[in-house]
Amino acid sequence: MHARRVVLNSRPGKNGEPSPGNFRLEQITLTPDLKDGQVLVRTLYLSVDPYMRCRMNEDTGADYLGPWELSECVDGGGVGVVETSRCSALAEGDVVTSFNWPWQTHAVMMGSSLQKVDSQMVDGHLSYFLGPVGITGLTALLGVREKGHVTKGANQTMVVSGAAGACGSLAGQIGRLDGCAGVVGICGSNEKCRALVEDLGFTAAINYRSEDVSARLKEICPDGIDVYFDNVGGSISEAVIEQMNRGGHVILCGQISQYNKDVPYPPPLSDKTQEILQSRSITRERFMVLSYMSKSEAALFELSQLVKSAQIKVLETVVNGIENMGVAFCSMMKGGNIGKQIVKISD
C-alpha cells in the first residue's frame, strides 16, 4: 500500500530559523505482511511542538532527546487508529497514541510502542490526546503542582509566558483552579490577549510585541509575582523575575525564544537575574515531565474530568494535510497558533 511521509531535508543554519524547506514529502510503499506484534495504523492527528526545534540540530542539547536524522522520517506526538493487527493487545479500530509517531499517513509499528486510549476520555475529540489530555496537559498540570507550590487562600499571583500556546494556556487555567488569586498571561498579539482573558479566565494579558512588559507587570501585579510558568526565556523572563517576591518559584518549562540560537539549554541568565534569584531565595529548577510519569495516569484522569466539565477550556489551531507539517511547525515557532498546533492527517 502507498503512504506519504515527511523526512528531514536539511538542518537550519547556525542560529537559524527553521523553514518549511527543511522538510520534504515522500511517497513510500508499505509491506502488507505484518510480523508478529506489529500493527498497521492510519494517522489521524500529528503534533508540532517547540522542543522539535532542538531535534532539527545534530546535537539536541538534551540527553533524553535524539536528533532527527537527515533523509529519515520525522517523528513526534501522534494519534491514530489500528487498521490491521498482529498484536494480541490491540484490535482493529482501537485508537492509539505515541510520543514517537512517524510523520506518515499510514505506518507499520510495533504494538508494544503504542498506548491504547479511550475516546470517551476526550468526548471524541481525539486530537486532545496530543494536548490537554496528553503530554502537554501533563506538563502543565504536573509543572504547576510539582514546582509552583500554589496554596489556596495564599493570595498568590502567577505569570505565564507563552501563555496562548499549548502548554501555557493550560498552565494558567490550572493555576487559577488550584487557587491563584491572579493569573497574568504574556503573549504576542491582541487576539491572543483577548482569548486568554475572555475565553480562558486569565485575570489580565500583556502583548509583549506592543506593550512594555515591565511597566504592565507593575500595574497588574502591584504586590509582586509569586509563581512564574516560563515557556519562553530571554528578556521577557528577566523582566518577570525582576518583579518576583521572596520565596517565589519559577517553573522552567521551555525557552522558545532561545531555540534558534546556538546556546546551551537552559540558556544562561544575566548576572543581575542570577543575583535576584539568590538574594530572594527564588527556586528555578528545570521541569521535565518525563521524570514524573509515575503520576501520569491519575493526572490524565483529572485532566480528562476538567476538560469534560469545561473547567479547563481547550484552544486548538488545526491545519489539514501531511503536506503542511513543515508549514505548521514553522508557523508555531513564530507564534502563529493559539493553543495547541495540530495537523489533521485523516478523518
Side-chain angles (χ1 to χ4, degrees), residues 3-6 39-49 51-52 73-85 87 89-141 165-167 169-170 173 199-200 289 293 296-325 327-329 331-332 337-347:
R4 291 185 296 161
R5 70 174 188 173
V6 176
V39 293
L40 171 70
V41 293
R42 174 167 52 86
T43 307
L44 297 171
Y45 297 97
L46 293 172
S47 173
V48 292
D49 302 282
Y51 79 87
M52 292 174 168
C73 188
V74 177
D75 69 312
V79 64
V81 65
V82 175
E83 295 207 325
T84 319
S85 175
C87 167
L90 295 172
E92 191 180 320
D94 283 349
V95 179
V96 287
T97 185
S98 167
F99 195 52
N100 300 109
W101 195 288
W103 286 12
Q104 295 183 189
T105 52
H106 286 79
V108 174
M109 298 173 78
M110 290 303 295
S112 56
S113 72
L114 297 166
Q115 186 188 352
K116 184 177 167 180
V117 288
D118 177 1
S119 59
Q120 288 185 315
M121 281 186 78
V122 291
D123 273 347
H125 292 283
L126 299 181
S127 59
Y128 287 8
F129 286 122
L130 301 177
V133 190
I135 201 91
T136 308
L138 287 175
T139 303
L141 184 78
C167 190
S169 60
L170 298 170
Q173 295 181 80
D199 301 336
L200 304 188
V289 72
M293 290 322 263
S296 66
E297 199 176 330
L300 286 170
F301 179 76
E302 181 178 353
L303 286 160
S304 164
Q305 298 300 310
L306 289 169
V307 169
K308 288 199 328 184
S309 63
Q311 289 176 269
I312 282 183
K313 295 192 171 63
V314 181
L315 300 179
E316 267 187 341
T317 300
V318 181
V319 166
N320 286 306
I322 195 160
E323 65 279 4
N324 290 315
M325 290 299 297
V327 172
F329 172 74
S331 169
M332 177 274 309
N337 55 304
I338 295 190
K340 179 77 182 179
Q341 177 71 63
I342 295 284
V343 182
K344 183 178 180 180
I345 306 299
S346 69
D347 287 313

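Within the 3.5 Å criterion, the main-chain N or O of Gly165 finds a donor-acceptor partner in the side chain of Ser169. Between the side chain of Ser85 and the backbone N or O of Val39 there is no donor-acceptor pair closer than 3.5 Å. When atom types are taken as modelled, the side chain of Lys340 and the backbone of Leu130 share a donor-acceptor pair closer than 3.5 angstrom. Within the 3.5 Å criterion, the main-chain N or O of Ala3 finds no donor-acceptor partner in the side chain of Thr105. Remark: the backbone N or O of Gly78 is paired with a side-chain donor or acceptor of Thr97 at under 3.5 angstrom. When atom types are taken as modelled, the side chain of Asp118 and the backbone of Gln120 share a donor-acceptor pair closer than 3.5 angstrom. Without hydrogens or angle criteria, Arg42 side chain to Ile345 main chain gives no donor-acceptor distance under 3.5 Å.
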Take Leu114 and Leu90 through the test side-chain contact (heavy atoms from CB on, under 4.5 Å) and record every step on the way to the result.
CA-CA 9 Å; Leu114 297 166; Leu90 295 172; 4.2 Å; yes
Decide side-chain contact (heavy atoms from CB on, under 4.5 Å) for Val48 and Trp103; before the verdict, give the C-alpha distance in whole Å, the side-chain angles of both, and the deciding distance to 0.1 Å.
CA-CA 10 Å; Val48 292; Trp103 286 12; 4.0 Å; yes
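Taking a 6.0 Å sphere around CD of Glu92, one finds it holds 12 or fewer heavy atoms contributed by other residues, nucleotides or ligands.
The structure places CD1 of Ile342 at 12.0 Å from CZ of Phe129, a figure rounded to the nearest 0.5 Å. Between the CG atom in Asp199 and the CD1 atom in Ile338 there is a gap of 8.5 Å [rounded to 0.5 Å]. With rounding to the nearest 0.5 Å, the separation of OG1 in Thr139 from OH in Tyr51 is 10.5 Å. Atom-to-atom distance recorded for Met109:CE and Leu40:CG is 11.0 Å, nearest 0.5 angstrom. Rounding to the nearest 0.5 Å gives a distance of 7.0 Å between CG of Asp49 and CZ of Phe99. Atom CG in Asn324 sits 12.0 Å away from atom CG in Leu46 (nearest 0.5 Å).
Listed here is the closest heavy atom pair of Met293 and Val289: SD-O, 3.5 Å. Closest non-hydrogen pair, Ala328 versus Val343, comes out as CB-CG2, 3.6 Å. When all heavy atoms of Ala299 and Leu138 are compared, the pair lying nearest together is CB-CD2, 3.5 Å. Nearest approach of Ala107 to Pro102, heavy atoms of both residues: CB-CG, 3.7 Å. Closest non-hydrogen pair, Cys87 versus Gly111, comes out as SG-CA, 3.9 Å. When all heavy atoms of Trp101 and Val96 are compared, the pair lying nearest together is CZ3-O, 3.5 Å.
Paired with Met121 under the rule side-chain contact (heavy atoms from CB on, under 4.5 Å), one option of Leu303, Val95, Val133, Leu126 passes, and it is Val133.
For Asp75, the side chain to side chain contact (heavy atoms under 4.5 Å, CB included) test picks out Arg55, Trp68, Asn100, with sequence neighbours left out.
Leu170 places none of its side-chain heavy atoms less than 4.5 Å from the side chain of Leu141. Side-chain contact between Gln173 and Val314 is absent, with no heavy atoms from C-beta onward closer than 4.5 Å.
Annotation: side-chain hydrogen bond (donor to acceptor under 3.5 Å, both in side chains) contacts involving residues 296-317, sequence neighbours excluded, comprise Ser127-Glu316, Arg145-Glu302, Ser309-Gln311.
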